[in-house]
Amino acid sequence: MELAIILMMLLIVVALGAIKLSDGGVAFPFRRKPQLFTPVEHTFLNLIEQAMGREFRIVCRVRLNDLVSVRQSANKKTASQALSRASSRQLDFVLVDKQDMSPVMAIDLVHSQGKEGYKAQKDWFVTGALDAAGLPHARIKVKSGYTVDDIRECLENKLIPYRRLQNKMAQLPVHNPEPPKRPTRPVRSSRPAAA
């Protein structure tokens, strides 16, 4: 009996040793990437921040699912298919409102040959989803020589509907205006009353 227990323990030790040797002893085979963004993405991020950073926050690599949701009126099959397709799509940059972090505009970098992982053709699904959600989508061609003013002009052209809506909202009357500032008790004169 003792021999069976010793053999069983020896078998367990040998099995654990074999497992350690087979996977190289590394449970998480990762290493840190040298940089988060490609040089082109980093350059565009700097240009966008200089052009729009005072008014908006710039968020990078945002999934389409994080920007849009399926309407409640959609049937389950259509909703499931749309969510599945949206989950695999990603936007390069998103401008968000600094106050409430609501998305204002999506931005994609486009390379004419599709080099270095950039989009080459228009993704009709992404464009349609963003249009249906009322979110502007700027597609900027990758090339050198852009200035901050070039990027600002391109983005401002896409933001025209957003600016109009902001102006309308600013002109709407306030439903609960502040009460007028007036004394809370009667004002008494410092002069004596006339006889």
Side-chain angles (χ1 to χ4, degrees), residues 22-24 26-53 55-146 148 150-163 165-166:
S22 67
D23 71 358
V26 179
F28 301 100
F30 299 109
R31 64 179 175 82
R32 184 178 70 168
K33 289 184 175 182
Q35 56 192 16
L36 185 59
F37 300 107
T38 67
V40 172
E41 288 171 331
H42 187 239
T43 301
F44 268 87
L45 178 58
N46 286 336
L47 287 170
I48 294 169
E49 281 180 342
Q50 290 174 26
M52 309 302 283
E55 185 178 0
F56 303 105
R57 291 183 195 268
I58 295 93
V59 183
C60 306
R61 296 187 180 147
V62 179
R63 293 178 320 145
L64 183 59
N65 273 355
D66 295 331
L67 296 175
V68 298
S69 60
V70 177
R71 291 189 181 117
Q72 291 181 350
S73 60
N75 68 45
K76 286 185 179 182
K77 183 178 179 183
T78 303
S80 175
Q81 289 173 343
L83 286 174
S84 176
R85 289 182 72 186
S87 68
S88 65
R89 304 306 205 289
Q90 177 178 299
L91 288 302
D92 294 323
F93 304 102
V94 175
L95 296 183
V96 296
D97 186 277
K98 279 190 173 184
Q99 302 303 318
D100 62 6
M101 295 298 287
S102 60
V104 174
M105 178 171 45
I107 304 168
D108 269 328
L109 299 179
V110 182
H111 198 288
S112 57
Q113 283 84 32
K115 291 182 180 176
E116 300 174 21
Y118 298 111
K119 300 160 186 88
Q121 296 178 344
K122 189 168 187 171
D123 188 333
W124 294 104
F125 179 79
V126 170
T127 301
L130 293 172
D131 283 347
L135 195 62
H137 184 207
R139 296 171 38 88
I140 301 175
K141 186 175 181 177
V142 174
K143 71 175 188 176
S144 61
Y146 282 120
V148 173
D150 294 337
I151 299 298
R152 184 179 296 115
E153 182 182 345
C154 173
L155 299 180
E156 284 294 342
N157 285 335
K158 292 290 186 172
L159 285 173
I160 290 171
Y162 172 78
R163 300 279 187 220
L165 182 62
Q166 293 299 96

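Computed from heavy atoms alone, side chains included, the values below leave out hydrogens, waters and symmetry copies. Just so it is clear, the model here is predicted, and its values are computed rather than measured.
- Donor-acceptor pairing under 3.5 Å is lacking for the side chains of His137 and Asp131.
- Residue-environment remark: CD (Glu156) exceeds the threshold of 12 foreign heavy atoms within 6.0 Å.
- Remark: Asp92 CG to Arg61 CZ distance equals 8.0 Å, nearest 0.5 Å.
- Between the side chain of Ser87 and the main chain of Ser84, a donor-acceptor pair closer than 3.5 Å is present.
- A pairwise comparison of heavy atoms in Leu64 and Ala86 identifies CB-O, 3.6 Å as the closest pair.
- Across Asp97 and Tyr162, no two heavy atoms sit closer than the pair OD2-OH, 3.6 Å.
- Between Asp123 atom CG and Gln90 atom CD the span is 12.0 Å, to the nearest 0.5 Å.
- To the nearest 0.5 Å, atom CE of residue Met105 and atom CG of residue Leu67 are 12.5 Å apart.
- Nearest heavy-atom pair across Ile140 and Cys154 is CG1-SG, 4.1 Å.
- Taking 4.5 Å as the limit, some side-chain heavy atom of Asn75 sits within range of a side-chain heavy atom of Thr78.
- The CG atom of Leu45 sits 6.5 Å away from atom NE2 of His42, with the distance rounded to the nearest 0.5 Å.
- The local environment of CD in Gln35 is crowded, with over 12 non-hydrogen atoms from other residues, nucleotides or ligands closer than 6.0 Å.
- In this view, Arg71 and Ser73, Ala132 satisfy the side-chain contact (heavy atoms from CB on, under 4.5 Å) rule, not counting sequence neighbours.
- Salt bridge absent: Glu49 and Arg152 never bring a charged side-chain N and a carboxylate O closer than 4.0 Å.
- For the atom pair CG (Leu109) and CZ (Phe93), the distance works out to 5.0 Å, reported to the nearest 0.5 Å.
- The backbone N or O of Gly53 sits nowhere less than 3.5 Å from a side-chain atom of Arg57 that would complete a donor-acceptor pair.
- Closest approach of Val70 and Ala79 over heavy atoms only: CG1-CB, 3.5 Å.
- The OH atom of Tyr146 sits 7.5 Å away from the NZ atom of Lys141 when rounded to the nearest 0.5 Å.
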